[in-house]
Amino acid sequence: MGMTITEKILAKHADRDSVKPGDHIWIDADILMTHDVCGPATYAIFKREFGADAKIWNREKVVVIPDHYIFTKDLHAGRQIEQLRVFAKEQNLVHFYDVGTPRYKGVCHVAMAEEGFDRPGQVLFGTDSHTCTAGAFGCFATGIGNSDAAFVLGTGKLWVKVPHTCRFEFFGKKPPYITAKDMILTIINEIGIDGATYKAMEFAGEAVHDLGIEARMTLCNMAVEAGAKNGIIEPDETVFEFVNQRSRAGYDVVTNDPDARFEKVFRYDVSKLIPLVAGPHSPQNGAPVTEAEGTRLDQAYIGSCTGGKLSDFIAAAAILKSGEVKIPTYAVPATVSVEQGLKETLMDGMSVLEILEFAGVNVGPPSCAACLGGPPDTFGRLNHSEVCISTTNRNFPGRMGSKESRVYLASPYTVAASALTGKITDPRRFMN
Amino acid sequence: MLAGKIIGKIYVLGDNIDTDQIIPARHLVYDLEDPEKQKMYGKYCLSGVLDDQAGLPDGRIPFVLPGKTTSEFQIIVAGKNFGCGSSREHAPASLKIAGVQAIAAESYARIFYRNAIDGGFVIPFEVAKSIYRTFKTGETVEIDPQSNLLRNVSTGMTVSLLPLGDAAAILNAGGIFNYARTSHEFL
Ligand code: SF4
């Protein structure tokens with residue numbers, strides 16, 4: 001019987017000819033990623049279980065990227081970064097991207113791609129639920145907790161249950177005002193935030209392969225918002241080109257067998273999609289922007305692994321160049337290279353950064369920042385009962401700060417258009 | 001770990017209780033391995049739940065009383081998709097630190113479920129039918145993992161639990177490390 005990409009990658013890493021959904025298997029990890037919020041506890045568990053002087057399974061396969069609580073005066077948060085330094089030093093880690101050094105990156109999932117750790121056919125674990133972002137490169141990537149990560153640190157292995165795959169096909173030609181964010185919000189709106197629990201979500205179809213790599217990352221990034229174990233896209237030239245420029249580590253191109261079995265197939269005509277806004281307090285609370293239009297806002301936010309990549313800022317700038325924001329608007333580039341890209345990318349003779357600043361946007365340094373609230377002094381955090389529209393991925397109560405605040409999730413176009421008016425606004429009003 | 005019955009007062013919650021409601025992100029800064037600092041996770045456990053959803057059906061019932069670091073409730077009853085959101089193991093850990101032994105929910109988000117079991121924190125039982133609208137915060141419940149039954153001692157109502165399946169072996173061992181030590185050669 002044929003296997004899906006996810007099944008084939010898992011079978012190979014379990015040293016088996018085949019697997020089927022529901023099988024419990026132990027697989028080998030190619031990469032383990034951790035960050036400042038989960039790294040210290042993971043390392044402590046590792047020491048507790050394997051001994052104070054134990055060595056990790058492979059110092060070249062562990063990637064440590066502090067990104068969550070970076071620019072805060074919170075002393076506890078500072079201690080967590082200090083603990084990562086101890087970890088990196090004791091284990092002589094090769095891939096540690098320390099704060100305050102030229103190696104500092106920013107949001108881990110975007111940095112992982114930039115540094116060439118996301119490669120076809122690999123198994124990638126990370127102590128962060130959005131590790132599934134890397135599925136855009138045709139690998140199996142999933143988020144795990146500290147105990148599981150400590151287990152991987154010690155053994156290089158982990159048990160997994162082989163997921164069923166659901167396939168989401170997009171066909172037709174994508175209108176310019178529709179983004180990957182609208183595509184994934186459309187899916188979550190249909191299947192719900194537990195609609196793909198335990199499953200692999202495969203994104204397919206010509207309209208997916210027409211997307212650039214960053215947009216594909218946005219699709220896979222929010223697979224976890226539907227409860228999925230992983231998101232995945234068959235790798236193609238776009239992926240190979242991106243990876244070849246960044247890594248010489250080699251990879252394994254895995255595609256679906258012709259007779260692969262999908263639990264369910266969903267099909268969407270991308271030409272018919274309408275920009276979507278997911279209202280408080282759930283990513284599944286989607287409504288066409290036309291219905292949400294006019295909702296009053298106090299703040300707008302552009303950032304995160306979902307909506308803080310260079311292409312997201314280019315999209316926002318295309319709208320912001322026509323005016324000035326009416327509400328406090330914060331922009332946080334995901335990584336240092338995105339920040340660099342804002343300066344170097346020109347649109348009508350102005351850099352993206354200049355366009356943002358001209359429009360009155362506050363641009364902060366690269367990190368997760370207010371995407372997950374964080375300590376009260378976090379840049380862009382919602383500290384009161386603000387209503388915010390954001391390019392991030394979650395809007396559960398209190399996600400971006402105070403639990404009195406309310407968050408609408410939308411594409412960078414919709415967020416930018418809404419920032420210009422102070423109300424939820426259909427971006428098509430600013431696009432010709 | 002699974003042998004005995006679990007008896008305790010219940011705290012009732014609705015659907016989609018995500019990890020930010022279980023332990024808000026601003027609190028993820030305390031050292032989990034330090035016995036004193038880890039108490040902060042008990043103090044702030046479930047502090048992100050919206051007031052009118054906190055302790056159903058009435059709401060506005062603090063899970064942990066001000067000044068305390070443990071809860072008077074040992075069992076959580078909840079609806080669908082408990083623990084959705086982030087991968088933070090601080091979520092099941094904070095429930096354990098607050099004194100919770102078991103959860104009886106309709107379904108769980110995948111990473112939370114795994115963390116609860118692999119870390120040996122709390123037992124995530126799945127109830128065969130929705131009970132969060134009929135059970136009240138403060139009632140006493142008895143869970144029998146042998147017969148897979150949950151009985152509301154206060155009302156007499158009995159509900160079956162889904163078998164724990166593959167998870168039982170890991171829970172019995174007390175987490176992924178002991179499980180791997182007893183069943184696999186690579187530990
Ligand atoms: S940007 Fe937000 S969603 Fe992405 S890793 Fe950081 S906190 Fe998580």
Side-chain angles (χ1 to χ4, degrees), chain A residues 24 26 37-38 40-42 44-45 48-49 68-69 74-77 79-80 83 126-131 142-151 154-159 161 192-194 197-198 224-225 227-229 281-282 284 372-376 378 381 394 396-399 401 403, chain B residues 15-21 24-34 37-38 40 47-51 53 80-82 84-93 106-121 165-166 169-170 175-181 184 186-187:
Chain A
H24 266 242
W26 289 87
V37 169
C38 293
T42 297
I45 298 170
R48 182 185 79 205
E49 296 292 335
H68 277 58
Y69 301 157
D74 188 288
L75 292 176
H76 294 285
R79 238 190 113 241
Q80 288 184 313
Q83 287 168 333
T127 61
D128 191 284
S129 59
H130 292 104
T131 302
T142 192
I144 57 175
N146 303 342
S147 294
D148 283 350
F151 193 93
T155 64
K157 292 178 191 291
L158 194 59
W159 72 268
K161 191 166 161 180
I193 53 172
D194 57 356
T197 297
Y198 290 100
V224 69
E225 265 62 68
K229 175 172 271 182
H281 293 287
S282 171
Q284 88 177 46
L372 87 163
T378 301
R381 186 179 193 271
R394 285 189 185 135
F396 298 124
R399 168 68 179 178
K403 65 178 177 183
Chain B
D15 293 329
N16 302 319
I17 298 297
D18 77 291
T19 49
D20 277 287
Q21 295 183 66
R26 64 180 290 189
H27 299 305
L28 302 179
V29 293
Y30 321 116
D31 193 340
L32 261 176
E33 299 298 308
D34 180 319
K37 293 199 184 117
Q38 91 167 194
M40 298 295 272
S47 64
V49 178
L50 294 177
D51 293 344
Q53 303 292 312
K80 286 189 298 187
N81 204 23
F82 188 85
C84 57
S86 97
S87 67
R88 65 187 71 150
E89 195 160 301
H90 313 68
E106 285 163 54
S107 64
Y108 294 88
R110 184 190 71 78
I111 311 180
F112 177 90
Y113 187 77
R114 227 190 127 99
N115 287 347
I117 291 165
D118 280 359
F121 296 110
D166 306 317
I170 303 175
I176 186 176
F177 294 99
N178 283 341
Y179 173 72
R181 275 187 196 105
H184 292 269
F186 51 81
L187 252 198

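Between the CG atom of Asn81(B) and the CD1 atom of Ile193(A) there is a distance of 5.0 Å, given to the nearest 0.5 Å. The line from CD1 of Ile144(A) to CZ of Arg110(B) is 9.5 Å long, rounded to the nearest 0.5 Å.
Residue contact with chain A, scored on non-hydrogen atoms closer than 4.5 Å, involves the backbone and the side chain of Asp118(B) alike. For a residue to count as touching a neighbouring chain, one of its non-hydrogen atoms must lie under 4.5 Å from one of that chain's; by this rule Asp74(A) touches chain B with the side chain only. With a 4.5 Å cut-off on non-hydrogen atoms, Glu225(A) does not touch chain B at all. Using a 4.5 Å cut-off between heavy atoms, Ala228(A) contacts chain B through its backbone alone, with no side-chain atom that close. With a 4.5 angstrom heavy-atom cutoff, Tyr69(A) touches chain B only via side-chain atoms.
Taking Asp20(B) as the reference, Arg399(A), Arg88(B) meet the side-chain hydrogen bond (donor to acceptor under 3.5 Å, both in side chains) condition, with sequence neighbours excluded. By the side-chain hydrogen bond (donor to acceptor under 3.5 Å, both in side chains) test, His281(A) pairs with no residue at all, sequence neighbours left out.
Comparing Asn16(B), Asn115(B), Asp18(B) by how many heavy-atom pairs each has under 4.5 Å with chain A, the most go to Asp18(B). With chain B as the partner, the residue from Ala77(A), Gly143(A), Cys38(A) showing the most heavy-atom pairs under 4.5 Å is Gly143(A). With respect to chain B, the highest number of heavy-atom pairs below 4.5 Å among Gln83(A), His76(A), Arg48(A), Lys161(A) belongs to His76(A). Per-residue heavy-atom pair counts under 4.5 Å with chain B were compared for Asp194(A), Thr197(A), Thr378(A), Leu372(A), and the maximum is reached by Asp194(A). Across Ala149(A), Pro376(A), Gly398(A), the residue that shares the most heavy-atom pairs under 4.5 angstrom with chain B is Pro376(A).
When side chains are defined from C-beta on, Trp159(A) counts as touching Ile170(B), because their heavy atoms get closer than 4.5 Å. Lys37(B) has its side chain within reach of Arg79(A): a pair of non-hydrogen atoms, C-beta onward, lies under 4.5 Å apart. Contact of the Ile176(B) side chain with the Leu158(A) side chain is registered, since non-hydrogen atoms from C-beta on lie closer than 4.5 Å. You'll find the side chain of Phe396(A) stays beyond 4.5 Å of the side chain of Thr19(B), heavy atoms only. Put simply, the side chain of Arg394(A) reaches to within 4.5 Å of the side chain of Ser86(B), judged on heavy atoms. Residues Val37(A) and His90(B) have side chains in contact (heavy-atom distance under 4.5 Å, counting atoms from C-beta outward).
The shortest non-hydrogen separation linking Tyr108(B) to Tyr198(A) is O-CE1, 4.2 Å. Considering all non-hydrogen atoms of both residues, Arg114(B) and Asp148(A) come closest at NE-OD2, 2.5 Å. Minimum heavy-atom separation, Ala25(B) to Gly374(A): CB-N, 4.2 Å. Taking both residues in full, the closest heavy atoms of Gln21(B) and Pro397(A) are given as NE2-CD, 3.7 Å, listed atom of the first, atom of the second, then distance. The shortest non-hydrogen separation linking Ser147(A) to Gly119(B) is OG-CA, 3.5 Å. Nearest heavy-atom pair, Leu32(B) versus Ala41(A), reported as atom, atom and distance to 0.1 Å: CD1-CB, 4.0 Å.
Aromatic ring pairs are classed by plane angle as parallel below 30°, tilted from 30° to 60° and perpendicular above 60°; the pair Phe177(B) and Phe151(A) is tilted.
Side chain of Glu89(B) to backbone of Asn146(A): a donor-acceptor contact under 3.5 angstrom is found. Side chain of Gln80(A) to backbone of Leu28(B): a donor-acceptor contact under 3.5 angstrom is found.
With respect to Asp51(B) and Lys403(A), a salt bridge is recorded, a charged nitrogen being found less than 4.0 Å from a carboxylate O.
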